[in-house]
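The sequence lines fix the lettering, A, B, ..., with proteins before strands; numbering per chain opens at 1.
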2 protein chains.
Amino acid sequence: MIADSAARRDIPDATVARLPQYLRALRDLAERGVPSVSSEELAAAAGVRSAKLRRDLSHLGSYGVRGVGYGVDMLAHEITRELGLAQNWPVAIVGLGNLGHALASYLALATRGFQVVALLDRDPDVIGQQIAGMTVGPVDDLERIVTGRGVAIGVIATPAASAQGVCDRLTAVGVRSVLNFAPCVLSVPAGVDVRKVDLSTELQILAFHEQRKAPAAQEMTPLLEVAP
Amino acid sequence: MIADSAARRDIPDATVARLPQYLRALRDLAERGVPSVSSEELAAAAGVRSAKLRRDLSHLGSYGVRGVGYGVDMLAHEITRELGLAQNWPVAIVGLGNLGHALASYLALATRGFQVVALLDRDPDVIGQQIAGMTVGPVDDLERIVTGRGVAIGVIATPAASAQGVCDRLTAVGVRSVLNFAPCVLSVPAGVDVRKVDLSTELQILAFHEQRKAPAAQEMTPLLEVAP
DNA sequence: TACTGTGAAGCTATTCACAGCG
DNA sequence: CGCTGTGAATAGCTTCACAGTA
């Protein structure tokens, strides 16, 4: 009875996307020495409703105690295992401009479950630089380095024009998880996951809502009248 | 009949989140001189199914021509207006470490619809620096600067420990849209929108799927057995 | 008693499939 | 004819409300 028999299959995507938030909240609680937490408290710490949290956790199994709550350490450990963070995934970052540099620094320090094993760039001035304790290698050697160091996750922080080419080369040598910071759509073979992070998109979504909040501000740019 | 009578209200969130992708694809097409595009082609360029694209665009109004497709310039203009990008939203970036620096550089150049009007940091060594043509100001003057320059959108790129405090000060002086890069949950008053961008979360979601793809790789770190 | 886990209901989003129009 | 726009069907997600349990 080490692993639970039920609920191991098909955790909904929406739930998976929230598990990292729960894990972060649990680690904060653990640091403060809190041994146990109710769904109400943990939900508040993660910024969701308690019913949603309970539903999410029910997909992992029954790790709560009725009348009491969830054991902080136990639940943190469980989510860590479920997310696949019990091992250190080898990560390569391609493109070390401003953004890639920032990502490398952040990843080198803060994040458990991942290890930066390769930094790659095209620019001869950047190749050879030390960033967060690693030397930047030439992107020309991408295949050799990625294969040799067993990279599982590729982070693309190149300009948009280079992103698809880099992505093709990564997937060609077996990388099946890609995090794309370039502002473009990537085509990948079946079986490869791509996630996209895009500052412009996020700002534009905010702008949409901001515009709806501030009809008074339209006197600044009187584009057209809206009927009612 | 300048603005359409129908379909101006409640565009679904899922649709709003995709409009930026459509806009990007349309701008690419416009640059290549393509005058008109079918839902099938535009959907492919944006990485979605054509039925989804048509449903999304139907929420904006009827801007297509049956038997032909959508006018590239006209649709781009329409989405631009709908997203609120016909004006330049004043943006403040708080926190100019590696990440804030990268964001400032990116925003200064690449993005229409937004203008960086303030860079703020706490560190005396950073205050006074020139970044992307702007001088970093002291975060102590946040209220005066944000109010004086009419900031509409605040970008938080501070460490997690400072993020809530900065957010409180931004919302206190009327900022109602916040983009949060700090790895923490922000509490905000009603009427304020927060969007979060988080490298760790994205990597952890990839790790979850990667783990499900690669049961063979478990020999590398044999943590525990899973029954069947 | 105080809480979790979950059936059932309601809501949102996606997809199908085709009527209707240029 | 070829394509858009959309009713209808489906799938997925969230919320309610409470039975069940330590």
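In this structure, the side chain of B:K196 does not engage the main chain of B:V185 through any donor-acceptor pair within 3.5 Å.
B:R18 has a side-chain polar atom (N or O) that falls below the 4.0 Å cut-off from OP1 or OP2 of C:dT14.
Of the candidates C:dG5, D:dG5, D:dT4, D:dT4 carries the atom nearest the B:S38 side chain, counting heavy atoms from C-beta on. Among D:dG5, D:dT15, D:dT4, the nucleotide with an atom closest to any side-chain atom of B:S39 is D:dT4. Of the listed nucleotides (C:dT6, D:dA8, D:dG5), C:dT6 has the atom at the smallest distance from the side chain of A:R55.
The distance from atom CZ of A:R49 to atom C1' of C:dC11 is 14 Å, rounded to the nearest whole Å. In this entry the distance linking CG of A:L57 with P of C:dT4 reads 9 Å, nearest Å. To the nearest angstrom, C1' of C:dT4 lies 12 Å from CG of A:L75. Summarising the geometry, the separation between CD on B:E41 and C1' on D:dT4 is reported as 14 Å, rounded to the nearest angstrom. When the P atom of C:dG22 is taken as reference, atom OH of B:Y70 falls 15 Å away, rounded to whole Å. Across the protein-nucleic acid pair, B:K52 atom NZ and D:dT4 atom C1' stand 19 Å apart, rounded to whole Å. With rounding to whole Å, A:I11 atom CD1 is found 18 Å from D:dT14 atom C1'. Look at CG on A:D13: it is 10 Å from C1' on D:dG12, rounded to the nearest Å.
Side-chain contact, A:N98 with B:Y106: no donor N or O sits under 3.5 Å from an acceptor N or O.
Between A:V65 and A:T15, the residue anchored nearer the 5' end of DNA chain D, judged by the nucleotide with its closest heavy atom, is A:T15.
For a distance-only test at 3.5 Å, the side chain of A:R66 fails to qualify as a donor-acceptor partner of the base of D:dT21.
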**OP:** In sequence, state the C-alpha distance, the side-chain angles, and the governing distance for A:Y70 and A:S38, and then conclude on side-chain hydrogen bond (donor to acceptor under 3.5 Å, both in side chains).
**Re:** CA-CA 6 Å; A:Y70 300 89; A:S38 72; over 6 Å; no

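None of B:V65, B:L29, B:D73, B:V68 except one satisfies the side-chain contact (heavy atoms from CB on, under 4.5 Å) rule with B:S36; the exception is B:V68. A side-chain contact (heavy atoms from CB on, under 4.5 Å) with A:Q204 holds for exactly one of B:I79, B:L83, B:V16, B:T80; it is B:L83.
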